[in-house]
There are 2 protein chains.
Amino acid sequence: MQHRPARLTDVALRAGVSPATASRVLNPSNRGVKDANRARVLAAAEELGYTTNIAAQAVARGRTTGVTLLLRVMPDDYANPIVAGVVDAVRNEGLPISLVVAGPQTKDIIDAVHIARGQRTQILMTTGGRRTDDKDLPALVDALQRYEAEGGRVVLISQEGLPFDTVTYANKQGAHDLAVSLVELGYRDFAILAGFANGMTQRDRTQGFLEGLGESGVSLSADRIVTGEFDRDAAYAATGDLLRRGIPIDAIFAVNDAMALGALTFLRDAGARGTGIGVAGFDDIKSLRDVTPALTTVHLPWDDVAAEALDLALSERVDGPRLRVVHGHVVIRESTPRRG
Amino acid sequence: MQHRPARLTDVALRAGVSPATASRVLNPSNRGVKDANRARVLAAAEELGYTTNIAAQAVARGRTTGVTLLLRVMPDDYANPIVAGVVDAVRNEGLPISLVVAGPQTKDIIDAVHIARGQRTQILMTTGGRRTDDKDLPALVDALQRYEAEGGRVVLISQEGLPFDTVTYANKQGAHDLAVSLVELGYRDFAILAGFANGMTQRDRTQGFLEGLGESGVSLSADRIVTGEFDRDAAYAATGDLLRRGIPIDAIFAVNDAMALGALTFLRDAGARGTGIGVAGFDDIKSLRDVTPALTTVHLPWDDVAAEALDLALSERVDGPRLRVVHGHVVIRESTPRRG
DNA sequence: CTGTTAGCGCGTTCAA
DNA sequence: TTGAACGCGCTAACAG
């Protein structure tokens with residue numbers, strides 16, 4: 001039952017040409033073969049069910065085409081739609097893409113980079129937030145630099161400040177604009193679910209929100225900023241703690257939609273909606289469609305992010321690393337009705 | 001700046017041994033090297049930042065380790081958590097896994113299978129429903145059989161009836177049990193959002209539900225079964241059409257949660273919840289947590305599905321293809337309160 | 001336009 | 001326990 005795969009040699013033999021010629025027709029890059037021969041090779045390949053051995057091709061060429069998208073964890077329901085956007089964009093370009101779920105630790109990512117090195121893959125994109133206290137960061141940078149030194153291209157998505165081409169979103173500005181909008185709507189007593197303190201994205205969004213508040217003449221005391229490694233469920237609990245403290249609050253800003261959903265659900269469960277506490281998030285993830293009340297948030301144009309990333313990967317890099325910033329915009333929905 | 005990757009030869013040279021010896025120590029499979037030499041090779045590899053060229057290894061060995069998970073589309077918010085389950089299970093086993101998003105058409109899948117063949121990958125898992133009217137199915141089966149004939153292992157998830165190892169869920173039984181439960185709760189006038197008519201999963205769930213109804217002494221006329229290629233949004237619209245027809249309905253069964261969410265949202269938007277129409281789905285996807293009222297559904301143990309799939313892939317196959325069926329169970333929630 | 005030749009980097013006999 | 005030699009399947013350089 002075990003059947004040896006057909007090799008290029010087999011095809012050539014059957015077509016009555018040399019392996020080189022067979023290679024030329026099977027390889028779109030190499031033109032210049034008589035139509036008759038071309039046809040015979042194609043026919044032979046078809047009959048034999050030939051598939052080019054990509055591994056061997058990679059060895060001979062020294063490099064494979066295609067992009068590897070490196071993820072820390074499998075994107076769940078609340079993850080940014082960024083992954084889907086990148087996959088579509090790359091596929092539309094006709095390039096093969098494969099996702100690698102490395103693991104939560106930076107060490108896991110580093111391992112995956114080395115594997116990608118070993119595969120002699122062409123483009124490596126990676127996404128996911130960075131933490132300011134990451135001790136393994138230098139090692140990661142080293143691995144990525146090796147990857148590039150050996151001929152690969154690296155594109156980082158969402159993590160600014162590393163010496164590689166990267167595309168980020170304007171976290172600060174988006175949160176700033178959101179704050180201004182909320183104040184305009186009449187909110188004054190804010191609380192912030194700020195996520196874990198060492199996350200760069202979380203930090204920028206918190207900071208931007210505070211700046212927006214400041215410009216609007218609204219202040220916010222430190223005890224209204226709640227930090228912690230929050231996912232949706234933890235945000236649910238944190239909202240409860242917050243209210244129990246008895247501080248007057250008329251609006252909660254969560255630094256991402258997942259956490260905002262947790263807050264929203266808590267308020268609903270607690271029957272506290274009558275108190276009129278507004279909730280706003282950040283990202284505009286798809287799951288928001290099924291939620292009541294509809295969540296006010298900052299919409300991020302994920303497809304643009306993906307397009308920029310791909311453009312960076314495919315265009316020649318002249319000088320140093322390039323940075324592309326994608327801007328979002330505030331979307332006011334029912335979760336923050338006009339107040340007063 | 002362009003730097004040639006370190007080769008095995010480089011490591012051997014630096015360690016003062018032959019490439020063969022170096023290969024032996026870097027290859028856990030080959031034992032029997034003096035400790036001193038082993039240490040020198042390891043040190044040299046470290047110093048040179050050596051990464052084994054996986055492509056070359058694949059050529060030499062004739063096959064790579066690792067599993068490829070083939071998907072039609074990028075799993076979105078409503079997709080089965082099956083992908084995440086498989087990824088985790090495989091990673092826990094220490095095997096590299098990569099996801100390939102092939103495209104919606106069966107032809108796309110076939111292409112991807114051939115690419116996997118070309119990569120000489122070891123295990124190929126694929127998921128996603130099958131349609132009864134798929135003209136390209138024979139070609140797909142052919143491609144998969146080739147893959148296996150050449151030494152790979154194929155595991156199908158969710159699509160029963162093809163000559164490969166497969167794991168499915170008990171769609172019929174789950175829907176059957178759900179119907180029985182709903183009748184017990186007092187519902188009598190059902191409608192079914194049956195999805196597209198040629199989907200095998202959809203068909204089984206519809207049929208199982210009808211059988212359960214029958215056993216409970218409840219009948220359902222054909223005009224209450226709505227078919228169509230429904231996603232969440234289309235289900236939303238279809239629910240509207242259904243109600244506009246004026247048929248008395250006290251419960252809607254949608255063959256998956258995504259569609260059930262659409263129905264639920266329509267009822268809520270239409271203010272029709274007062275009419276007491278119950279809604280039930282199938283799958284128990286995560287997004288349900290944020291929905292009000294909580295959705296009654298059939299819970300599927302996704303982790304078990306993944307575990308079974310991996311077990312099939314890693315265990316020796318003795319005779320023909322094996323089939324493993326995973327059972328779900330009904331979960332009654334607020335969307336179907338006791339009636340009468 | 002085509003065939004010959006020579007590698008690509010690694011695993012694996014087979015002797016030593 | 002080790003090394004020399006060969007082969008994996010394919011591409012690329014060079015003649016013709």
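Any value given below was found using the heavy atoms of this structure, including those in side chains, with hydrogens, waters and symmetry copies removed. In what follows, every chain begins at residue 1, and chains take the letters A, B, ... in the order their sequences are listed. Quick caveat: nothing in here was measured; it's all calculated off a predicted structure.
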How many Å lie between [atom1] on [X] and [atom2] on [N], as a whole number?
X        : N      : atom1 : atom2 : value
A:Leu13  : D:dG9  : CG    : C1'   : 15 Å
A:Arg120 : C:dG9  : CZ    : C1'   : 9 Å
A:Ile54  : D:dC8  : CD1   : P     : 20 Å
A:Leu26  : D:dC10 : CG    : C1'   : 11 Å
A:Arg63  : D:dC10 : CZ    : C1'   : 17 Å
B:Arg7   : C:dC8  : CZ    : C1'   : 10 Å
A:Arg40  : C:dG3  : CZ    : P     : 10 Å
B:Gln119 : D:dG9  : CD    : P     : 17 Å

Along DNA chain D (nearest heavy atom to each residue), the more 5'-positioned of B:Lys34 and B:Val59: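 So the residue in question is B:Lys34.
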Pair A:Thr51-B:Arg146, side-chain donor/acceptor within less than 3.5 Å: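 No donor-acceptor contact under 3.5 Å links the two side chains.
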For [X], check side chain to side chain contact (heavy atoms under 4.5 Å, CB included) against everything at least two apart and list the hits.
X        : value
B:Leu13  : none
B:Ala84  : A:Met74
B:Val59  : A:Ala55, A:Ala56, A:Val59
B:Val167 : B:Val155, B:Ile157, B:Val305, B:Glu308, B:Ala309, B:Leu312, B:Arg324, B:Val326

Please list, pair by pair, any protein nitrogen or oxygen found under 3.5 Å from a nitrogen or oxygen in nucleotides 3-5 of chain D.
from: D:dG3; atom 1: OP2; to: B:Ser18; atom 2: N; distance (Å): 3.0
from: D:dG3; atom 1: OP2; to: B:Ser18; atom 2: OG; distance (Å): 3.1
from: D:dG3; atom 1: OP2; to: B:Thr21; atom 2: OG1; distance (Å): 2.7
from: D:dG3; atom 1: N7; to: B:Arg24; atom 2: NH2; distance (Å): 2.7

Would you indicate which nucleotide in D:dG9, C:dG11, C:dG9 comes nearest to any side-chain atom of A:Ala56?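 Minimum distance to the A:Ala56 side chain belongs to D:dG9.
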Check salt bridge (charged side-chain N to carboxylate O under 4.0 Å, His left out) between B:Arg131 and all other residues, then give those that pass, not counting sequence neighbours.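 Residues passing salt bridge (charged side-chain N to carboxylate O under 4.0 Å, His left out) with B:Arg131: B:Asp133, B:Glu229.
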List in chain and number order the residues that pass salt bridge (charged side-chain N to carboxylate O under 4.0 Å, His left out) with B:Asp88, two or more places apart in sequence or in another chain; answer none if no residue qualifies.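 Listed in chain order: nothing, the list is empty.
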Less than 4.0 angstrom between a side-chain N/O of [X] and OP1 or OP2 of [N], yes or no?
X       : N      : value
B:Gln57 : C:dC10 : no
A:Asn53 : D:dC8  : no
B:Tyr50 : C:dG9  : no

Sequence neighbours excluded, every pair satisfying ring pair (Phe, Tyr, Trp, His ring centres under 6.0 Å) that has a member inside residues 114-166 of chain B: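 Applying ring pair (Phe, Tyr, Trp, His ring centres under 6.0 Å) to every pair that reaches into residues 114-166 of chain B, excluding sequence neighbours, yields nothing.
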How bent is the helix from C:dC1-D:dG16 to C:dA16-D:dT1, comparing axes over its five end pairs at each side, to the nearest 10°?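 The value is 30°.
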Flag the pair A:Lys107 and A:Asp111 as a salt bridge only when some basic side-chain nitrogen lies within less than 4.0 angstrom of an acidic carboxylate oxygen.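 No, this pair does not count.
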